[in-house]
Amino acid sequence: MDEAKSSLFLKRPVTLKVVVTPRWKEEVQRQLQTQINQIDAQLQQLDVQGQRAIAEIQKQTVPNAAQQIETINGQVNQKKSEMLEQKNQFLQQLQQVQLLEMEQEVAQGQLESYFKVEIGDNLVEKMTVEVLVRDGIVEEVRGEI
């Protein structure tokens, strides 16, 4: 039988797992704290921009100034709400990371890989692949490569 007709290359998800180490924990906490700090800075900037826009409208004697100010306040508050929601998610993630035990395996994301499937292969087994990483170094590949 012609091999080209009896095999096929497919794409599969590969689960990326990391081993919790002091180095990994420190790095993830640092990244999350950086993101939280960025959101705080953006919130301050948003307040300043909103106040400037309102001050400009108040300087001008525009007939519908009150409505424009209300619209700006609504937009600022909506954006603030979205940013605070995101900040809360980062804070929750930070708290979860702090609770992780050393040497625990944690799913950190998904990658993709291609694999060859042939007649008679167990597709479920070939689709189930994990890569275990410790401090950036691949420690183990689990599943059928």
Side-chain angles (χ1 to χ4, degrees), residues 6-145:
S6 63
S7 68
L8 182 65
F9 281 95
L10 300 174
K11 186 166 55 169
R12 65 181 163 198
V14 177
T15 301
L16 175 63
K17 286 189 170 183
V18 295
V19 176
V20 176
T21 63
R23 181 178 168 188
W24 177 85
K25 209 171 185 178
E26 204 173 282
E27 177 64 23
V28 171
Q29 288 174 335
R30 187 188 59 73
Q31 288 173 358
L32 288 169
Q33 192 59 55
T34 298
Q35 291 173 318
I36 290 166
N37 293 343
Q38 287 175 342
I39 289 175
D40 285 340
Q42 290 171 352
L43 283 167
Q44 289 176 345
Q45 187 178 7
L46 183 64
D47 271 337
V48 169
Q49 289 173 342
Q51 290 169 1
R52 278 190 199 143
I54 289 171
E56 279 298 315
I57 292 170
Q58 289 172 338
K59 283 181 189 175
Q60 304 165 0
T61 50
V62 182
N64 58 352
Q67 183 181 359
Q68 288 182 1
I69 290 171
E70 189 177 316
T71 300
I72 289 170
N73 280 329
Q75 291 171 341
V76 167
N77 289 336
Q78 172 67 31
K79 187 66 177 169
K80 268 188 186 179
S81 177
E82 292 169 11
M83 293 169 85
L84 288 171
E85 173 80 24
Q86 192 175 25
K87 180 180 176 179
N88 284 335
Q89 289 175 356
F90 288 139
L91 288 168
Q92 287 175 357
Q93 289 174 5
L94 186 59
Q95 186 178 24
Q96 290 170 350
V97 167
Q98 291 168 344
L99 296 174
L100 293 174
E101 295 179 22
M102 293 299 153
E103 299 302 311
Q104 182 177 350
E105 293 180 12
V106 180
Q108 192 171 29
Q110 289 227 319
L111 308 168
E112 292 181 340
S113 76
Y114 291 92
F115 68 103
K116 185 177 182 178
V117 66
E118 297 175 337
I119 294 173
D121 285 348
N122 184 327
L123 186 59
V124 174
E125 285 180 12
K126 287 209 170 216
M127 291 292 292
T128 309
V129 177
E130 294 179 346
V131 174
L132 183 66
V133 176
R134 179 187 300 267
D135 292 333
I137 308 296
V138 175
E139 193 168 271
E140 187 179 352
V141 177
R142 298 174 179 159
E144 199 173 319
I145 298 177

Shortest non-hydrogen contact from Ala107 to Lys17?
CA-CG, 4.0 Å
Decide whether Gln86 and Glu82 meet the rule of one side-chain donor and one side-chain acceptor closer than 3.5 Å.
no
Which heavy atom of Trp24 sits nearest a heavy atom of Val19, and at what distance?
CB-O, 4.2 Å
Measure across Arg12 and Tyr114 and return the closest heavy-atom pair with its distance rounded to 0.1 Å.
NH2-O, 4.4 Å
Please check if the number of heavy atoms outside Lys126 that lie under 6.0 Å from its NZ is greater than 12.
yes
Smallest heavy-atom separation, Val20 atom then Lys25 atom, equals CG1-CD, 4.3 Å
If you count heavy atoms of other groups shown closer than 6.0 angstrom to CD of Glu70, is the number above 12?
no
Has Asn64 got a side-chain atom pairing as donor or acceptor with Gln67's backbone, closer than 3.5 angstrom?
no
Acceptor/donor pairs from residues 88-102 side chains to any protein atom, 3.5 angstrom cut, sequence neighbours excluded:
unit_1, atom_1, unit_2, atom_2, d
Asn88, ND2, Leu84, O, 3.4

Could you pull out every donor-acceptor pair under 3.5 Å between side chains of residues 37-57 and any protein atom, sequence neighbours left out?
unit_1, atom_1, unit_2, atom_2, d
Asn37, OD1, Gln33, NE2, 3.1
Asn37, ND2, Gln33, O, 3.3
Asp40, OD1, Lys87, NZ, 2.7
Asp47, OD1, Lys80, NZ, 2.7

Check Arg134 with Glu103, please: is the shortest side-chain N to carboxylate O separation under 4.0 Å?
yes
Counting only N and O atoms by type, is there a donor-acceptor contact under 3.5 Å from the side chain of Asn122 to the main-chain atoms of Val124?
yes
Is it the case that over 12 heavy atoms from other parts of the model lie below 6.0 angstrom from the CD atom of Glu26?
no
